[in-house]
Amino acid sequence: MRTTVRDDYPTRGRTACESVERKDPVVWGSAAGGPLDTEAVIEYDRRGFHTAEGLLAAHDVGNLLEETSRLGRELGDDDRVVREKGSGDVRSVFDVHRLSDLVDSIVRRPEIAGIARQLLGSDVYVHQSRLNVKPGFRGGPFYWHSDFETWHAEDGMPKPRALSISIALTENYGYNGGLMIMPGSHKTYVSCAGETPDDYYRESLVTHVPPTGSPDEDTLTRLAAEHGIATFTGPAGSATVFDSNCMHGSNGNITPFPRSNLFVVFNSVENTLVEPFAASRPRPPYLGSRDFTPLR
């Protein structure tokens with residue numbers, strides 16, 4: 001049965017990309033409701049992201065790196081482990097807040113989940129969590145995309161009332177495949193061309209070419225000319241909080257310096273998933289959770 005929720009952000013099922021103004025707020029809460037001050041909230045609304053140093057202590061970072069190795073080793077061929085094409089290196093381990101008591105305790109901290117509650121203006125739950133790994137010399141890229149476009153099309157997320165927190169577990173340099181965002185792009189929604197094949201996530205999570213759900217080159221060129229590109233650097237333990245509709249991506253890593261991060265997606269409990277808007281069935285729950293229990 002298809003969803004009866006109104007689709008305010010149609011995408012796919014078309015031959016060309018289309019850019020439209022975002023219909024919903026970026027910030028649903030206020031500076032009074034959490035750890036970010038007024039200036040940080042205003043800048044998040046304007047640019048679509050907030051950066052913070054020292055969000056995690058050194059011992060937390062070390063423990064998370066150990067968890068990354070353990071999970072990749074113990075889970076083997078589990079679907080929650082995504083591996084690089086060719087090398088077989090671990091690319092991502094999903095659902096880590098359920099697989100690791102350590103991750104579960106970290107994402108619930110007020111300085112982490114509290115930011116999500118503040119900016120989204122409600123209780124939140126974890127839509128997705130993963131540990132990302134970009135080993136030195138052979139870590140693959142993530143092509144330009146808006147997370148919300150995928151979550152809307154393939155998971156059934158109604159509105160862009162969600163955000164991600166990416167916490168560095170290794171030093172982020174300007175050259176080892178760190179996060180890139182087009183500041184201000186979160187205020188433009190890009191409807192993408194093409195159709196969604198069944199079980200497309202099996203390809204899209206490892207592809208190194210523009211996947212379905214990515215804008216065409218003309219659209220990306222226009223967005224980059226209008227907004228520029230911010231590259232995020234910082235020590236292990238630093239973090240970037242960014243809106244679900246930001247246009248972002250990352251280069252491959254051919255340096256000797258690995259890049260790893262804990263990536264957590266928080267969604268408002270007032271924005272829970274329905275049937276996918278542009279796919280025949282939802283992705284597995286480790287990619288788009290349907291347990292909407294608020295974090296406490």
Are the side chains of [Y] and [X] in contact, using a 4.5 Å heavy-atom criterion?
| X | Y | value |
| --- | --- | --- |
| Lys187 | Val26 | yes |
| Arg281 | Asp198 | yes |
| Thr11 | Phe277 | no |
| Arg98 | Asp104 | no |
| Glu43 | Val41 | no |
| Val93 | Asn132 | no |
| Leu205 | Arg91 | no |
| Val206 | Glu84 | no |

(request) Could you check Arg290 against Asp155 for salt bridge (charged side-chain N to carboxylate O under 4.0 Å, His left out), going step by step and ending with a plain yes or no? (result) CA-CA 9 Å; Arg290 292 182 179 265; Asp155 297 337; 6.0 Å; no
Any luck finding a side-chain donor-acceptor pair between [X] and [Y] under 3.5 Å?
| X | Y | value |
| --- | --- | --- |
| Thr170 | Arg259 | no |
| Asn267 | Tyr125 | yes |
| Thr219 | Asp216 | yes |
| Ser238 | Glu53 | no |
| Ser122 | Glu270 | no |
| Ser19 | Arg222 | yes |

(message) Using the ring centroid of each side chain, check whether Tyr44 and Phe49 are separated by less than 6.0 Å.
(response) no
(request) Step through it carefully: locate the ring centre of His248, locate the ring centre of Phe242, and say whether they are under 6.0 Å apart. (result) yes
(message) Quick check with a 6.0 Å cut-off and a 45 degree axis cone: is Arg22 positioned over the face of Tyr9's six-membered ring?
(response) no
(request) Answer with yes or no whether the hydrophobic clustering places Ile165 together with Leu56; edges join I, L, V, M, F, W, Y residues whose side-chain heavy atoms lie under 4.5 Å apart. (result) yes
(message) Are Leu71 and Val264 linked, directly or through intermediate hydrophobic residues, by side-chain heavy-atom contacts shorter than 4.5 Å (ILVMFWY only)?
(response) yes
Any side-chain to backbone donor/acceptor pair from [X] onto [Y]? Under 3.5 Å, distance only.
| X | Y | result |
| --- | --- | --- |
| Thr196 | Ala278 | yes |
| Ser191 | Pro10 | yes |
| Ser244 | Leu163 | no |
| Gln118 | Leu36 | yes |
| Tyr200 | Thr212 | yes |

Could you tell me whether [X] and [Y] make a salt bridge, using a distance below 4.0 angstrom between a side-chain N and a carboxylate O?
| X | Y | value |
| --- | --- | --- |
| Asp60 | Arg109 | yes |
| Arg296 | Asp123 | yes |
| Glu66 | Arg70 | no |
| Arg161 | Asp243 | no |

Identify the two heavy atoms, one from [X] and one from [Y], that lie closest to each other, and give their separation to 0.1 Å.
| X | Y | answer |
| --- | --- | --- |
| Trp144 | Met247 | CZ3-O, 3.8 Å |
| Gly178 | Ser250 | O-CB, 3.3 Å |
| Leu273 | Ser289 | CD1-O, 3.4 Å |
| Ser146 | Asn245 | OG-OD1, 2.9 Å |
| His145 | Ser214 | CB-OG, 4.1 Å |
| His127 | Leu287 | NE2-O, 3.7 Å |

(request) Mind running side chain to side chain contact (heavy atoms under 4.5 Å, CB included) on Leu75 and Leu99 for me, showing each step along the way? (result) CA-CA 10 Å; Leu75 290 173; Leu99 293 170; 3.7 Å; yes
(request) Can you spot which of Ile106, Val96, Ile167 makes a side-chain contact (heavy atoms from CB on, under 4.5 Å) with Leu64? (result) Ile106
(message) Counting only heavy atoms from other residues, nucleotides and ligands, does the tally under 6.0 Å from CD of Glu74 exceed 12?
(response) yes
(request) Answer yes or no: does atom CG of Asp101 have more than 12 heavy-atom neighbours from other residues, nucleotides or ligands under 6.0 Å? (result) no
(message) Assess the residue pair Asn251 and Met180 against the criterion (side chain to side chain contact (heavy atoms under 4.5 Å, CB included)); give the C-alpha distance rounded to whole Å, side-chain angles, the decisive distance to 0.1 Å, and a yes or no.
(response) CA-CA 8 Å; Asn251 289 318; Met180 300 183 294; 3.9 Å; yes
(request) Hey, can you tell me if Tyr173 and Phe257 have their rings parallel, tilted or perpendicular (30° and 60° cut-offs)? (result) tilted
(request) Could you tell me how the ring of His152 sits relative to the ring of Phe148: parallel (under 30°), tilted (30 to 60°) or perpendicular (over 60°)? (result) tilted
(message) Before you tell me yes or no, could you show the steps for Ser166 and Asn261 under side-chain hydrogen bond (donor to acceptor under 3.5 Å, both in side chains), namely the whole-Å CA-CA distance, both residues' side-chain angles and the distance that decides it to 0.1 Å?
(response) CA-CA 6 Å; Ser166 176; Asn261 68 306; 2.8 Å; yes
(message) Set out, in order, the CA-CA distance, both residues' side-chain angles and the distance that settles side chain to side chain contact (heavy atoms under 4.5 Å, CB included) for Leu295 and Val126, then state yes or no.
(response) CA-CA 8 Å; Leu295 289 181; Val126 176; 3.8 Å; yes
(request) Quick one: pull up CG in Leu179 and OG1 in Thr231 and give me the separation to the nearest 0.5 Å. (result) 8.5 Å
(request) Given salt bridge (charged side-chain N to carboxylate O under 4.0 Å, His left out), test Asp8 with Lys159 step by step and report yes or no. (result) CA-CA 8 Å; Asp8 288 330; Lys159 296 179 179 293; 3.4 Å; yes
(request) Kindly indicate, with the supporting measurements, whether the criterion side chain to side chain contact (heavy atoms under 4.5 Å, CB included) is fulfilled by Arg130 and Gln128. (result) CA-CA 7 Å; Arg130 65 183 186 264; Gln128 182 191 102; 2.3 Å; yes
